[in-house]
Amino acid sequence: MSCTMLKGFKALPLPMSQLSLAAVLKCGQSFRWTAHPLYPAGTTSIAEPTHEYRYCLRDRVVCLRQSADTLFYRSVYPDILNGISSAPESSGDHEKRDLETLAFLRDYFQLDIDLATLYDYWSNRDPVFKGVRDRFTGLRMLRQDPWETIVSFICSSNNNISRITKMVQSLSTHFSPALVSISTPTIQGATDVEGEEDISYHAFPPPSVLAAPSVSAKLRSLGFGYRAEYIQRTAEMLIDEHGSDREVQKWLLGLRNMSTDDARTELLKFVGVGRKVADCILLMCLDKREVVPVDTHVHQIAMKYYGVRGKAGTKLPMTPKLYDEVNDKLANIWGDFAGWAHSVLFTADLRSFSSFGLPSPSPSPIKEIRESTVKLPPTPSPSPRKRMRRDRVEDNLQKAENVLSGLSEFADVSTLDGDMADRVKKRRRVAAIRRPVTMSDLSEW
DNA sequence: GCCCAACCTCAG
DNA sequence: TGAGGTTGGG
C-alpha cells in the first residue's frame with residue numbers, strides 16, 4: 001500500500017481476528033459511523049483498507065482505516081482548535097490528542113478483551129457457534145456512550161438498521177451544531193474526478209437539548225413516529241432528575257457499577273424502554289456482557305437449535321416469562337460473555353449489510369442452517385463449493401443435536417438441580433483473557 | 001400477573 | 001401486511 005494514502009494516520013497493530021471494522025460498525029450496535037470507499041468497488045485486495053470510517057465525538061472526528069493486520073487512525077479538529085485563530089499548535093499538542101484518541105479507541109472497542117480466545121471458548125461449548133464463526137471474525141461489542149445508546153435503541157423498536165441510522169443521523173444534524181467539515185477521501189484510481197466533497201460532522205445532541213418540549217413535534221416531522229415523544233420525555237426525565245448534562249452523564253456511567261438487575265430496573269423507568277431495549281443498552285454501553293437481548297428472531301433460533309419452548313417457524317407472544325427462558329438458556333450455553341456471542345450470531349445476520357455498499361456476509365449462515373434442517377429438494381448439480389458448505393452445515397447440526405440431547409459434556413445445565421448447576425457453571429466460567437494494547441503499540445506511520 | 005390492540009413508517 | 005417493541009387499558 002502506498003505511504004501517501006495513510007499520511008497523517010497513526011498505526012496500531014491489530015489483527016482482523018480481534019476487530020473487523022466493517023462488521024462491527026455496521027451490524028446494528030452503533031448508528032452514527034459513516035463509511036467512505038477508498039477505491040472503486042471491487043478493485044482492491046482485502047489486505048488493504050477499503051473504506052475510511054468516521055465518527056464525530058464532542059470535540060473531534062475520529063477517522064479509521066483497517067488493513068489485514070493494522071488499525072490506522074487519526075482525528076480531525078475544528079479550526080478554532082487547530083491554531084488558525086490563535087498560536088500555532090505545537091507538536092506536543094498533536095501528541096496529546098493522538099494519545100487521547102488512542103485512549104478512546106481502546107475503551108470504545110474494548111481492545112483489552114481478547115476476542116480470539118472468546119471465539120475458541122464459544123466454539124468449544126457450542127457447535128452451532130463453531131459452524132458460523134469463520135464467516136464473522138472480529139465481531140465484538142462496543143462500549144458506547146450511554147445517552148446515545150439509550151436514544152438509538154428507543155428508535156429501534158419496530159424498526160430496521162437502515163431507518164434507525166437515518167433517524168440517529170438526522171437527530172445529530174438537527175439538534176447539534178456542525179463541529180467540523182471534512183472532505184471525503186480521494187478515491188484512488190477513480191476514472192472521473194468527482195466524488196470529493198465536504199461533509200459536515202455533528203456530535204450527538206446532549207439530553208438538555210432533546211428535553212425541550214418543542215422537540216417531540218420536530219421529531220415527528222422528521223419521521224420518528226411514536227418514538228418522538230419517547231425520546232423527548234426520556235430526555236426530560238433525566239434532566240429533571242439530575243439537573244444538567246454533566247450530572248446526567250455521571251449518573252448514567254454510574255449504572256456500570258450496579259448489578260445487572262438494578263441497572264435494568266433503572267432503565268425500564270424510561271419511556272420507550274422495555275425489556276428488550278433495556279437489555280440492548282445494558283450490553284452495549286453498561287458492561288453487562290452476559291445479557292442476551294431477546295427479539296422474535298433470537299427466539300426463533302433459540303427454539304430451533306437450543307431447545308427453547310415453542311414451535312420453530314411459528315410465533316409465540318413474547319411474554320416476560322418466555323423472554324427469561326430464552327435469555328437464561330443462551331446465557332448458560334455461552335457463559336459470562338453470552339451477549340458478545342449473541343452479537344456474532346444474531347446482529348451479524350442482517351441483510352442491512354448490503355445497504356452500506358459493504359461486502360455482504362451473505363449467504364447468511366443462520367438462514368443457511370435454518371434452511372438445511374428442512375428437507376432440501378434435490379438440487380440440480382450443486383457447485384462443489386456449495387456442496388461442501390451444506391455438508392459442513394449438516395455436520396454442525398449433528399453436533400448441535402448431540403448437545404441438545406445431552407450427549408455432549410457441554411449439555412445444558414438448566415436441568416440440573418440448583419447447587420449442581422451452580423458448581424458446573426462456576427467451573428465453566430471463563431476468566432476474561434486480557435491482551436492489553438499498550439502505549440508501546442503506538443507507532444508513527 | 002397476563003393479554004392485546006394501537007402506534008409511525010417503510011419494505012416486501 | 002408485518003417488522004429486531006412498548007404502552008396503556010382490560
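By convention in this document, chain letters (A, B, ...) are assigned in the order of the sequence lines, proteins followed by strands, and residues within each chain are numbered from 1. All values derive from a computational prediction rather than experimental measurement.
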Visitor: Kindly write out the residues that satisfy ring-ring contact (aromatic ring centres under 6.0 Å, His included) with A:F129, not counting sequence neighbours, or none if the list is empty.
Guide: A:Y119, A:W122
Visitor: Once you apply a heavy-atom cut-off of 4.0 Å, does A:T296 come out as touching a base, just sugar-phosphate, or nothing?
Guide: sugar-phosphate
Visitor: Give me each pair satisfying salt bridge (Lys or Arg N to Asp or Glu O under 4.0 Å) with a member in residues 227-244 of chain A, each pair once, sequence neighbours excluded.
Guide: A:R220-A:E229
Visitor: If a protein heavy atom is under 4.0 Å from the base, mark B; if only from the sugar-phosphate, S; if neither, -; do that for nucleotides 4-9 of chain B going 5' to 3'.
Guide: ---BBB
Visitor: Taking atom P of C:dG5 as reference, at what distance in whole Å does atom CD1 of A:I231 sit?
Guide: 17 Å
Visitor: A:Y201: which residues meet the ring-ring contact (aromatic ring centres under 6.0 Å, His included) condition with it, sequence neighbours left out?
Guide: none
Visitor: Test salt bridge (charged side-chain N to carboxylate O under 4.0 Å, His left out) on A:R264 and A:D279 and set out the steps.
Guide: CA-CA 7 Å; A:R264 183 187 290 116; A:D279 281 0; 2.7 Å; yes
Visitor: The criterion is side chain to side chain donor-acceptor pair (under 3.5 Å); which residues satisfy it with A:S123, sequence neighbours excluded?
Guide: A:R133
Visitor: Excluding sequence neighbours, so at least two apart, what forms side chain to side chain contact (heavy atoms under 4.5 Å, CB included) with A:E290?
Guide: A:T260, A:K288
Visitor: Checking A:D295 now: which residues fulfil side chain to side chain donor-acceptor pair (under 3.5 Å) with it, not counting sequence neighbours?
Guide: none
Visitor: Can you name the salt bridge (Lys or Arg N to Asp or Glu O under 4.0 Å) partners of A:D262, sequence neighbours left out?
Guide: none
Visitor: Give the rounded distance in Å between these two atoms: CG of A:L322 and C1' of C:dG5.
Guide: 15 Å
Visitor: Taking both distances under 3.5 Å as the test for a Watson-Crick or G-U pair, what stems of at least three pairs does DNA chain C have?
Guide: B:2-7 with C:5-10, B:9-11 with C:1-3
Visitor: Identify, with sequence neighbours excluded, every residue that meets side chain to side chain contact (heavy atoms under 4.5 Å, CB included) alongside A:H174.
Guide: A:S170, A:K218, A:L222
Visitor: How long is the line joining CE of A:M318 and P of C:dT7, in whole Å?
Guide: 16 Å
Visitor: Measure the distance from CG on A:D324 to P on B:dC2 and round it to the nearest whole Å.
Guide: 11 Å
Visitor: List for me each residue that meets ring-ring contact (aromatic ring centres under 6.0 Å, His included) alongside A:F224, sequence neighbours excluded, and say none if there are none.
Guide: none
Visitor: Near DNA chain B, counting only heavy atoms under 4.0 Å, which residues of residues 258-279 of chain A show up?
Guide: none
Visitor: Please report the distance, rounded to the nearest Å, between CE in A:M237 and P in C:dT7.
Guide: 10 Å
